[in-house]
Amino acid sequence: MAGFSFILLHSCKTPESMDQKVEKLLSQLTLEEKVSLIHGNTYFTTPAIPRLGIPALHLSDGPCGIREEYAPDSWNSANWTNDATAYFPALTSLAATWNTELASEFGNAYGEEAVIRGKDIMLAPGLNIHRTPLNGRNWEYMSEDPYLTSRMAVNYIKAAQSKGIAVCAKHFALNNQEQDRGTINVEASERALREIYLPAFEAAVKGGGVLSVMGAYNQFRGKFACQNPYLLQDILKGEWGFRGLVMSDWGATHNTLEAARNGLDLEMYPINGNGDYYLGQPLLDSIKAGKLDAKVVDDKVRRILYVMAKLDILGKPEPDTTGMAALLGTPERAKTALKIAEESVILLKNNQVLPLNMKNIKTLAVIGDNAIRKHAHGGGSTIIKAKYEITPLEGLQRKFGHSVKISFSQGYKVSKDLKSVDQATIAEAVKMASSVDAVILFGGLNHEPGLDCEGDDKPDMKLPYGQDELIKAVIKANPNTVVVMIAGSPVEMGSWIQDVKGLLYTSYLGMETGTALAELLNGEVNPSGKLTYTLPVKLEDSPSYVLGEYPGKNGTVNYKDDIWVGYRYYDSKNVKPLFPFGFGLSYTTFSYESCKVELAHKTEDLSCTVSFDIHNTGKVEGKEIAQVYVRDMESALPRPLKELKGFAKVSLKAGESKKVQVTLDKRAFQYYDPAQKQWVLEPGKFEILVGSSSDNILLKEQIEL
Ligand code: BGC
């Protein structure tokens, strides 16, 4: 036996390496075939080359689940009856959990659904930074902070890709507004680029191993993002060593030679929706006319084949999706959606009203359109045909319907005119509110155009449809009112915040929305989400408004707010927000003690371990998100007062204490020096700040580097 296996081992051909496989295929392709591979053949696929076993690529939106199937070359539904999927919470919600394990769970569940639907590349996660409160797509992106975004993204990407799909980090880069997104030119300093807008993409590539990146619609420094040599060639593929493929956003390609030379590998969406592709016939013509070296195409095809090889789909039959209906949106994945929803909701105010004491509540009024609105099928490219979606009202009815008389009133009417106020609807709600034991008012935004929706920005930060008026009147009619604000981007709440007893704040929560909210309201689950962006008092306080430009002048938006984005601005410039970044209450309380900082120099890098104790000082079990900020005490270039560089979420029983350890790496202390064109560590004093939010620092230690 031993001899046999010896012979076998030595007679076996060494398996072809991935690169060899790719190079062999590349050498067998004709130029025409190669060109066919670098652009779509329908809105969401690339063509197969059956003679070489090169499969089609199946792409799909979006971040909240796997988008429904479309008829080829159209935005019309394919009308399948078996493509309803799990509807996961928005990425703003995922980030609000500050739970990196949940980011992995999200990725796992999402990856599994994508495989079942026969998808190869999922067009998520969106990693753009919240720059202005008005961006119509903020809710699709995680945070105003690059570190939090990076940490969540890396786990999400690794987990999703471990299921055998590729994900796509988008929109690279500086796509921070929807207004004029197809043309706007962004001017930003090198520091803002490196410290604020790129780190999440860098982490996705270096830490997450993301296999594809989507170029954005906008221009950066005068060149469209999908044809931008600095972003794509120098930084992404050069400095970061990205080996995967760069695809265009849909219709974001503008010129054959620039796209071909400057780093775009796959053009998606035909010119004007129905014509040829810039990387199609015009590219072949350019090569034949001697304007472009055919080798340029090789690099693109090599990257596409590399991704296929990584996915192990070369030479394999088309995925079998029969019977998928039963495999999608399973109870296990719904449970993942529920867990994320539960941990993402943020308790902003609680004047001894929450959790609701259901024993004392016999009559409950549920008010507001968001109590009955389903959000899955809205918002733009993220739309989901959800297996189901439990609304807040349904969640409350299921949980309390047997013991409490629940009545519903519309409260406000959704209309195209965001400023419209329907007095009769308000009056009806107020009347109902005055006659019950308690009121839960579900307000906020939705995915209607002009709100949390792709394609445009919000006109302002105000609540639409007269909600301020409604909320004030309802609170007056019944002080026992809790407001649940469903919004994926900041809204003004200053005119009634003083008067409301309880306020829960959340982004879009997915298929188990109602279940999660009912559990949080009655205390079965203790709120543990924290804000991933600052809630300013008003739009006029926000840095892009005060320092920067928005939405731009004469086709250019100048990011004069520079690195002063989000809390970096409010903190350093002493502008008090309504609620700070990282803020969130619990039904219990925590204390922080005994901070210790230990520095260790590894071979080239340094590692700084911050340890401290957290004690649950309240009466119920809860989870706390401890945040570690770093402050550079003295630096050649101005630096924010503090920057988030670590965090940990810990679960503690009532009375329990735990030691928490957070490790900071070298990058935690560095800034990007444009003069030296690199990240630098300036020796000197640094403060390590540990707190429960960006403006509640509880422990402090100084170190010298
Ligand atoms: C969006 C992308 C999306 C693509 C395909 C574009 O409009 O910006 O995020 O993936 O459409 O639907």
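- Shortest non-hydrogen contact noted between Ala192 and Ala188 is CB-CB, 4.5 Å.
- The closest donor-acceptor contact from the side chain of Asp249 to the backbone of Ala252 lies at 3.5 Å or more, if one exists at all.
- For the pair Thr532/Met152, no side-chain contact is recorded, criterion being any heavy-atom separation below 4.5 Å from C-beta on.
- From Leu198, atom CG reaches atom CG of Leu127 across 11.0 Å, with rounding to the nearest 0.5 Å.
- In this structure, Arg303 pairs ionically with Asp299, as a charged nitrogen and a carboxylate oxygen lie closer than 4.0 Å.
- Contact detail for Pro229 and Gln227: the closest heavy-atom pair is CD-O, 3.2 Å.
- The closest side-chain heavy-atom distance from Leu292 to Thr256 is not below 4.5 Å.
- Identified under the salt bridge (charged side-chain N to carboxylate O under 4.0 Å, His left out) test for residues 26-38, with sequence neighbours left out: Glu32-Lys288, Glu33-Arg51, Lys34-Asp298.
- Ser344 contributes a side-chain N or O that, together with a main-chain N or O of Ala341, makes up a donor-acceptor pair within less than 3.5 Å.
- Ring geometry for Trp75 against Tyr70 counts as perpendicular: the plane angle is over 60°, on a 0 to 90° scale with 30° as the lower cut.
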Exercise for the section: Start with the C-alpha gap between Asp665 and Thr663, add the side-chain angles, then the distance that decides, and say whether side-chain contact (heavy atoms from CB on, under 4.5 Å) holds. Expected result: CA-CA 7 Å; Asp665 60 9; Thr663 307; over 6 Å; no
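- The line from OH of Tyr156 to CE of Met142 is 7.0 Å long, rounded to the nearest 0.5 Å.
- In plain terms, the two heavy atoms of Asn108 and Ser162 that are nearest each other are OD1-OG, 3.9 Å.
- Contact record, Leu266 with Leu37: CD1-O, 3.7 Å, taken as the closest heavy-atom pair.
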Exercise for the section: Walk me through it: do Arg137 and His171 pass the test side chain to side chain donor-acceptor pair (under 3.5 Å)? Expected result: CA-CA 11 Å; Arg137 288 185 97 172; His171 307 89; 3.3 Å; yes
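- Here the side chains of Trp139 and His447 are in contact, with some heavy-atom distance below 4.5 Å.
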Exercise for the section: Output, in order, the C-alpha distance, side-chain angles, deciding distance and verdict of salt bridge (Lys or Arg N to Asp or Glu O under 4.0 Å) for Arg181 and Glu178. Expected result: CA-CA 5 Å; Arg181 69 174 181 180; Glu178 286 297 281; 2.9 Å; yes
Practice task
Output, in order, the C-alpha distance, side-chain angles, deciding distance and verdict of side chain to side chain donor-acceptor pair (under 3.5 Å) for Asp320 and Thr322.
Solution key: CA-CA 6 Å; Asp320 179 8; Thr322 43; 2.6 Å; yes
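- Ser286 has its side chain within reach of Leu257: a pair of non-hydrogen atoms, C-beta onward, lies under 4.5 Å apart.
- Minimum interatomic distance between Thr253 and Ser248 (heavy atoms only, all atoms of both residues): OG1-CB, 3.3 Å.
- Taking OG from Ser93 and CD1 from Ile340, the interatomic distance works out to 9.0 Å, rounded to the nearest 0.5 Å.
- Note that CZ of Phe201 and CG of Leu236 are 9.5 Å apart. Values are rounded to the nearest 0.5 Å.
- For the pair Lys385 and Asp83, the salt-bridge criterion is met [side-chain N within less than 4.0 Å of a carboxylate O].
- Under a 3.5 Å cut-off, the side chain of Glu342 and the backbone N or O of Thr515 do not form any donor-acceptor pair.
- Counting only distance, with no hydrogens or angles, the side chain of Lys300 and the backbone of Val35 share no donor-acceptor pair below 3.5 Å.
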Please report, to 0.1 Å, the donor-acceptor pairs under 3.5 Å made by any side chain of residues 306-313, with sequence neighbours excluded.
from   : atom 1 : to     : atom 2 : distance (Å)
Asp312 : OD1    : Lys316 : NZ     : 3.1
Asp312 : OD2    : Lys316 : NZ     : 3.0

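- Counting only heavy atoms from C-beta outward, the side chains of Met324 and Trp80 approach each other to under 4.5 Å.
- Between Tyr43 and Trp250, the gap from one ring centroid to the other reaches at least 6.0 Å.
- The existence of a salt bridge linking Glu190 and Arg194 is confirmed by a sub-4.0 Å separation between a basic side-chain nitrogen and an acidic carboxylate oxygen.
- Checked by atom type and distance alone, the side chain of Asn218 never pairs as donor or acceptor with a backbone atom of Asn185 at under 3.5 Å.
- For the pair Tyr672 (side chain) and Lys677 (backbone), a donor-acceptor distance under 3.5 Å is present.
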Exercise for the section: Kindly indicate, with the supporting measurements, whether the criterion side-chain contact (heavy atoms from CB on, under 4.5 Å) is fulfilled by Tyr388 and Glu512. Expected result: CA-CA 8 Å; Tyr388 62 83; Glu512 292 284 352; 2.4 Å; yes
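- Separation of atoms OH (Tyr217) and CZ (Phe224) is listed at 12.0 Å; rounding is to 0.5 Å.
- At distances below 3.5 Å, not a single donor-acceptor pair connects side-chain atoms of Asn128 with backbone N or O atoms of Tyr197.
- Between the side chain of Glu267 and the backbone N or O of Leu279 there is at least one donor-acceptor pair closer than 3.5 Å.
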Practice task
Apply side-chain contact (heavy atoms from CB on, under 4.5 Å) to Glu112 and Thr330, showing your working.
Solution key: CA-CA 11 Å; Glu112 283 165 14; Thr330 55; over 6 Å; no
Practice task
Assess whether side-chain contact (heavy atoms from CB on, under 4.5 Å) is satisfied between Phe242 and Ile235, documenting all intermediate values.
Solution key: CA-CA 9 Å; Phe242 175 65; Ile235 298 180; over 6 Å; no
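- At a threshold of 4.5 Å between non-hydrogen side-chain atoms, the residues Ile116 and Leu328 count as touching.
- More than 12 heavy atoms of other residues, nucleotides or ligands sit less than 6.0 Å from atom CD of Glu239.
- To the nearest 0.5 angstrom, Asn135 atom CG is 10.0 Å from Glu454 atom CD.
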Exercise for the section: Under the salt bridge (Lys or Arg N to Asp or Glu O under 4.0 Å) rule, what do Glu113 and Lys387 come out as? Steps first, then yes or no, please. Expected result: CA-CA 12 Å; Glu113 295 260 308; Lys387 201 115 193 190; over 6 Å; no
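- Taking both residues in full, the closest heavy atoms of Ile121 and Ser212 are given as CG2-OG, 3.5 Å, listed atom of the first, atom of the second, then distance.
- Here the side chains of Leu94 and Pro89 are not in contact, with every heavy-atom distance at 4.5 Å or above.
- Here the side chain of Asn155 pairs a donor or acceptor atom with the backbone of Thr100 at under 3.5 angstrom.
- Remark: Lys649 engages Glu343 in a salt bridge (charged side-chain N to carboxylate O under 4.0 Å, His left out) (not counting sequence neighbours).
- Checking side-chain atoms of Thr85 against main-chain N and O of Ile66 turns up a donor-acceptor pair under 3.5 Å.
- Salt bridge annotation for Arg151-Asp145: absent, with no cationic side-chain nitrogen under 4.0 angstrom from a carboxylate oxygen.
- Contact of the Met122 side chain with the Ser60 side chain is registered, since non-hydrogen atoms from C-beta on lie closer than 4.5 Å.
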Practice task
Show your reasoning for whether side chain to side chain donor-acceptor pair (under 3.5 Å) applies to His377 and Glu389.
Solution key: CA-CA 10 Å; His377 211 263; Glu389 177 178 352; over 6 Å; no
Practice task
Applying side chain to side chain donor-acceptor pair (under 3.5 Å), run through Asp452 and Tyr508 and close with a yes or a no.
Solution key: CA-CA 10 Å; Asp452 283 335; Tyr508 304 94; 2.7 Å; yes
